[in-house]
Every structure is written in structure tokens, then in C-alpha cells.
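Have a look at the structure below before the remarks.
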Amino acid sequence: MRYSQSFIYTLKEDQKEAAIISHNLLLRGGFISKLASGIYNYLPLGLKVIKKVSNIVREEMDAAGALEILMAAIQPAELWMESGRWNDYGKELLRIKDRKESDFVFGPTHEEVVTDIVKKYAKSYKDLPFNLYQIQTKFRDELRPRFGLMRGREFIMKDAYSFDADEDSMDISYLKMREAYYNIFRRCGLAFRSVEADTGSIGGKDSEEFMVLSSTGEDEIVVCDACEYSANVERAESITEDDAGSEEKLEKVETPNKQTIKNVCEFLNADEKFSAKALVYKNEEGKIFCFFVEGDDELNEIKAARATGSVELEMLSDEELKKAGLTKGYIGPINFPNKDIEVICDKRLENRNNLVVGANEENYHYKGAKLHRDFECDKIADLRSVKEGEVCPKCEKGKLKRIRGIEVGHIFKLGLKYSQAMNALFLDKNGKTQPFYMGCYGIGIGRTAQAAVEQNNDEKGIIWPISIAPFEVEIVSLDSKDIAMSSYCDMIYDDMIYREIEVLYDERDERAGIKLNDMDLIGIPIRIVVGKKSFQNNKVEISLRREKDKKELIDIDAVLDYITELREKLYAELETIREV
RNA sequence: CGGGGUGUAGCGCAGUUUGGUUAGCGCACCUGCCUUGGGAGCAGGGGGUCGGUGGUUCAAAUCCACUCACCCCGACCA
């Protein structure tokens, strides 16, 4: 592509709507432009990147035996009523009406549609297994779109759905996808990690998220410094050093105006570890739960939701607390005042002999309380978030660290959950009706592209990994009016096109500074600078974007071979997973 | 949805508190000269219903009401 014939418009100034580097650079480099909140246009450069990522995904999915289809983006409401999600999916589901006032949705995901297709055609175990995937624009009416392509409302996703006859076979399908995902993110040049994930409302057996490591990531993950254990903080567990403390007599004490754990413990001269704090939530059905965790622990709402079988938990307001008969600041498990509320204790509390707890009475607490001696609860569960420095549950030696990541992919074993609900059945060897064992596998294409920028940039701009760069090579001619130089550039440009090297040729009549700065911003990995001084000596400068000050002077006749070699070297580097 | 904030040229902003010339600046864009290895310089030029609607006033970017859009912090997701 010749720069002067392209549609590349760069901006000098930072964009105020961008809160993170990658968003700013994509806007400044002319990759994307915003149309509305969470809705972006992909300009020529941006689309090139999207296509590169998509093609890597496509190649690896095909290699894993998956079959590409393209499902309708607009889906009839009936399907969603059948699955029950017309009601359950909530406001994120964009609902639209046609001219006859019939209800449709713009698909946020395609379980319903794919199941509808599969139901229609696959009726025998002989058809199994198979995996159908697509790369398509989705729409989810997010509460808070942000960070450009990271969390758009309209976004491009690869979604795949596997269908198997039994659990073992499903496990194999899952592992194939897992391997494909490793290949995809490796080839995209990302430093990533797969982590154990919560299966959330989708349910099912196993689930892993693929996280691109970045301090601006919206997810927090827990990793072991000694073994490969890594898990989303929503799910992570740990081994904690447990000091039971001495057994004491239960005693009710006055704690005037001491409502927070900190205040109470300071007042009673107790360690916060030896206290239980109450957190009261209601779920989507309005059922109320009271959770007790140690004073210095953080309640993990995802774990709490799982322990109660809830989809969503919301903290009670002060008025709701009062209405439920609870005394804010003094809620405790002894003589719990409301029998309709389920009381759940974190399992760590079982180890403590001596706890400070609320007395369910204004200005009073108990001290010396012990679970199973002084009080009981309805359920014991793991409710707390892992803290940094705790011991790894897997190797039992390493220390855990909390780091941040961007979720670019997620794989699930769904099991029978959907097939049963949606009546997706086949006949097994014995002629018996069975539901499919399903798996589902997503990758955010735009998010992956932007995550690559977030991970690979410097103060001048983007540093694309060659596999997803809009162009592999950029030629900058510093003096477009010089006939000898220009015709040389034209020649190597044509030669590269002939060799199928993707090349951007900046032949604009602009000053050197403008061209060089644009080149840095756009971030093409290999660059050829043709300037007067070196050209007089029959040389041109070649450098890599990532080490742009390390320039090699190459003989003008050797340039093509040198570039071809460099290019191969950069691709070869992507064969190994980056250490994270 | 709760909390905070912003809407003035393609982008970044000033002007609004205290209403009053023809609404300004930098970048970008167009013309010419000049310059040419890291975002030059000079001269000239184009581009705005000041987010929208209604109101107050002799007079509104500026005051009032309503409304829309967007951004940031929280709970959800690829």
C-alpha cells in the first residue's frame, strides 16, 4: 500500500476519551474511530489487524477440526423464550422489533441458534462429535462500555460450540480447544496465562480463562510463584496459617458506638483475625443471606453466590437491614434474629476458638465465641478472597501473588446444561435418546488486538507483533523528490509485493520528522529508511520497531534477502510461548 | 443503575464566575514561497446554527428549566 493512496490519519495529541494507552494509540494511529459509546468503526489499518487476528483464529480452529459457519446476527425472540433467557438475560440483550412488531434480538451469543441448528440435523451418535464456530459481530448492551475495543457494546467475537456423545468425548473436545487457544495467543505474540475460572451463571464442570497479563486488566488473577497454579481471584483458593487461639469463655461486652470491625477490635484489644464480620445480601429472587467472614478477610461475592446457588447478589441497604430485623454494626451469629435468612460462615471461622462477634443488639458484642459451641450456621463454605502471600493449594509450598489480566478467551465444559434445557437430543448406539454433551469457547477478536497494543508499546507508539501487524514492513523514503531514491523505493516496493511481503510505502512529500513519527506511532515491525547520506553509499537503514535505535546499514542490493530473513526470524520467535 | 464530570471547527482547548463588538487559540486542512534525517518558518485562506428544546432579557456560548450525548469511579463479560 502506498501511503499517499491510503486512508491513514494520525493524530498528534492524546485523545481525552482514552483512559488507557492502547485505546489512545489505536485512536491516534487511525485504527479505529468511535461512532457511539462502545461502538467503533474499524478504519483500514484497524481492519487489517482484525483480519490478521481472525485469520490466526480461523487457522487454528480449522486445524483443531472445528467447522466454520456464520449464524444470523438477528435472532427471533421465540428462541430466547424457549431457552428462558428472554427474561433472564436482562437489559444487556438488545431487543428490536420488525415492521410487523415481532420481537427480535441482536445476538449477544449464539447458544440458542446453534442448538436450533444442531437439533435440526444431528440426530445420531454417528454424527458426533463436531464443533461449529463462527467469527461475528455481537452486541451486548453493557452497563458501562469502556477502553475502546476492550469492552465495547458491539464487538467481534469468535464463538465455538462442541457437541459430544459422552463426557469423556467432551473432555477431549475441550482439550483440543485448549490447545488451539494456546496456539492462537502464542501466534498473536501475547504474554498470557490460562487460569482456572468460575463457571458462573453458565454453569458446567471446568472452565478456563485466557488472560493477557497487564496492569490495566480488569480481572484479577492469583498465581503461584513456585508452580503453574493460576486461578481467577473469583475462584482461587489458598492454604492459610491457622492459629486457633486459646479457648475462652463466651462473654457479652459493651461496645458503645463501635460498629466497624476495626473499631471494635481496637476497643476490645483483639486481633481482627479473631472476629467475624457480617455481610448481608439478597439474590435475584429477593432471598436474603447473611455471610460471616473473618474481620480482616474480604468476602468474595462470586464464591458467595455459588455457595447459595444465586445468580447475582446485591448488598442490602440500611433500610432493608432494619426491615429484616438486623442491627447494623452489631450483626452476629449468636441468637440470629431472623429465621428466614440463611446464615453462611466462611470455613476459616471453624478454626477459631475465640471470636469477637456482634450481639444483635445496639452497642454490644460477644467475645470468646466459638463456632459449633456457641452458635451454629446453616452452611459452611469458602467465601473469602485469597490474599497475597498465602500458600499455594496445589504445590503447598509456593507463595501466591495477585496480578491483573485482560480476559481474551474463555473455554467452558457446559455438559448437559443447555442441551437438556433446550431439548437438544440424539439417539445413542442403543437407540436411546440422550442430550448432547456441550462445550463453548469464546475469543474476543478486537479485545485480543487491543490487548496486544496494551502489552507492546513505548512512548512513541505501538510495537505490533509481526503476526498481527497491519503491515509487516514499512518503507520510508525521506526525499520523495529525489528521482534515484524514489525509483529505488518503487522497485523494492514492487519486489516485496511480488514476494507477498505486506508493505506500507510512505512516499508522501512530507518532512522526515512527520514520516518517522507516524511510522513509530503506527508500529509496523520492520522498517526500511531510505535517506540521502546512506543511499549515496548504496546503503539503506533497516531497523526493528521494537529496537528502533539499533539500525543496520544494508547494501541496496541485499535488502530484499535481508528483509525476508528478518521477517522469518520474527515469525519464528512466535513459535515459543513467551515467559510470563 | 448509583456517584462524579464534560459538551464551543476534524482533534486538543480558552471564553461562561460578573450577559454586551464580527466567538478565539494551538494542531490538522487549502494556496504560495521557503525548507528537507525526528512533528520547521513566512504570508494568505476555508471551516462554528457554542449538544438540543424552551424560557428570562433591549441583548444569551454566558442566566434559568427540561432534555440528549459522551467521559471517569463502582457491580457484569469476550
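Quick note on labels: first sequence line is chain A, next is B, and so on, each numbered from 1. Since the model is a prediction, treat every value here as computed from it, not as a measurement.
- At least one side-chain nitrogen or oxygen of A/Gln15 sits closer than 4.0 Å to the OP1 or OP2 atom of B/G12.
- Across all strands shown, the partner of B/G2 is B/C73, judged by Watson-Crick or G-U wobble contacts whose two distances both fall under 3.5 Å.
- Counting any heavy atom pair closer than 4.0 Å across all strands shown, A/Lys34 reaches sugar-phosphate atoms only and no base atom.
- Using a 4.0 Å heavy-atom criterion, one finds that A/Asn517 contacts the bases of the nucleic acid, with or without backbone contacts as well.
- Backbone-only contact: A/Asp14 has heavy atoms under 4.0 Å from sugar-phosphate atoms and none from a base.
- Residue A/Lys91 is the one, among A/Lys91 and A/Lys533, whose nearest nucleotide of RNA chain B lies closer to the 5' end (criterion: closest heavy atom).
- A/Ile443 comes within 4.0 angstrom of no nucleic acid atom, judged by non-hydrogen atoms across all strands.
- Heavy atoms of A/Ser477 sit nowhere under 4.0 angstrom from any nucleic acid atom.
- No salt bridge links A/Lys277 with A/Asp297; every basic N to acidic carboxylate O contact stays at or beyond 4.0 Å.
- Rounded to an integer number of Å, the gap from A/Glu407 CD to B/A78 C1' is 6 Å.
- As judged by a 4.0 angstrom heavy-atom cut-off over every strand, A/Gly30 is placed among residues making no nucleic acid contact.
- Atom CZ of A/Arg28 is separated from atom C1' of B/G10 by 16 Å (rounded to the nearest Å).
- Residue A/Gly409 is classed as a sugar-phosphate contact, given heavy-atom separations below 4.0 Å to backbone atoms only.
- Aromatic rings of A/Tyr9 and A/Phe7 (six-membered ring for Trp) have centroids within the 6.0 Å cut-off, being under it.
- In this entry B/G7 has B/C68 as its Watson-Crick or G-U wobble partner, both defining distances falling under 3.5 Å.
- Proximity of A/Arg511 to the phosphate of B/G38: no side-chain N or O atom is located under 4.0 Å from OP1 or OP2.
- Following rounding to the nearest Å, A/Met519 (CE) and B/G37 (P) show an atom-to-atom distance of 14 Å.
- The phosphate of B/A69 has neither OP1 nor OP2 within less than 4.0 Å of any side-chain N or O from A/Ser37.
- Here the rule is side chain to side chain contact (heavy atoms under 4.5 Å, CB included) with A/Ile475, and of A/Val540, A/Asp490, A/Ile492 only A/Ile492 fits it.
- Between the CD atom of A/Glu510 and the C1' atom of B/C30 there is a distance of 13 Å, given to the nearest Å.
- Note on ring orientation: taking the six-membered ring where Trp is involved, the planes of A/Phe210 and A/Tyr181 are tilted (angle from 30° to 60°).
- Using the Watson-Crick or G-U wobble rule with both distances under 3.5 Å, B/U62 pairs with nothing in any strand shown.
- B/U56 makes up no base pair with any nucleotide shown, lacking Watson-Crick or G-U wobble contacts both under 3.5 Å.
- Residue A/Glu17 is in sugar-phosphate contact alone, with no base atom involved, counting any heavy-atom pair closer than 4.0 Å across all strands shown.
- In this structure, A/Lys51 places its NZ atom where only 12 or fewer heavy-atom neighbours from other residues, nucleotides or ligands lie under 6.0 Å away.
- Nucleic acid contact class of A/Lys16 (heavy atoms, under 4.0 Å, all strands): sugar-phosphate only.
- Ranking B/G26, B/C70, B/C1 by closeness to the A/Ala36 side chain, first place goes to B/C70.
- Both A/Glu301 and A/Leu11 lie close to RNA chain B; mapped to their nearest nucleotides by heavy-atom distance, the more 5′-ward contact belongs to A/Leu11.
- Between the side chain of A/Asp518 and the base of B/G39, a donor-acceptor pair under 3.5 Å is found.
- Rounded to whole Å, the C1' atom of B/U22 lies 15 Å from the corresponding atom of B/A61.
- Of the candidate nucleotides B/C73, B/U36, B/G37, B/C73 has the atom nearest to the side chain of A/Phe147.
- Distances from the side chain of A/Leu516 to the nucleotides B/A75, B/G39, B/G38 place B/G38 closest.
- Between A/Glu209 atom CD and B/C76 atom P the separation is 12 Å, expressed in whole Å.
- Listed pair A/Lys158 / B/A78 fails the phosphate criterion, with no side-chain N or O lying under 4.0 Å from OP1 or OP2.
- For A/Glu13, counting side-chain heavy atoms from C-beta on, the closest listed nucleotide (B/G37, B/C27, B/C72) is B/C27.
- Base pairing annotation: B/U16 forms no Watson-Crick or G-U wobble pair, as no partner gives both donor-acceptor distances under 3.5 Å.
- Taking every side-chain heavy atom of A/Arg151 into account, B/C77 is the closest of B/C77, B/C1, B/C73.
- Nucleotide B/G41 has B/C33 as its partner under the Watson-Crick or G-U criteria, with both atom distances under 3.5 Å.
- Note: CD1 (A/Ile411) to C1' (B/A78) measures 13 Å, nearest angstrom.
- When each of A/Lys515, A/Arg527, A/Arg28 is checked for a salt bridge (Lys or Arg N to Asp or Glu O under 4.0 Å) with A/Asp520, only A/Arg527 meets the rule.
- With 3.5 Å as the limit, one finds no donor-acceptor pair spanning the side chains of A/Glu474 and A/Tyr3.
- Within 4.0 Å (heavy atoms only), A/Glu541 reaches at least one base atom of the nucleic acid.
- Between A/Asp458 and A/Arg545 there is a salt bridge, since at least one side-chain N of the basic residue sits less than 4.0 Å from a carboxylate O of the acidic one.
- Residue-to-nucleotide contacts include a donor-acceptor pair under 3.5 Å from the side chain of A/Arg447 to the base of B/C77.
- One can place CZ of A/Arg146 at 5 Å from P of B/C73, the figure rounded to the nearest angstrom.
- Within 4.0 Å of A/Gly444, counting heavy atoms only, lies at least one base atom of the nucleic acid.
- With rounding to whole Å, A/Ile514 atom CD1 is found 7 Å from B/C29 atom P.
- Out of B/U35, B/A28, B/C71, the shortest distance to the side chain of A/Lys12 is found at B/A28.
- Among the heavy atoms of the strands lying under 4.0 Å from A/Lys460 is at least one base atom, whether or not backbone atoms are also near.
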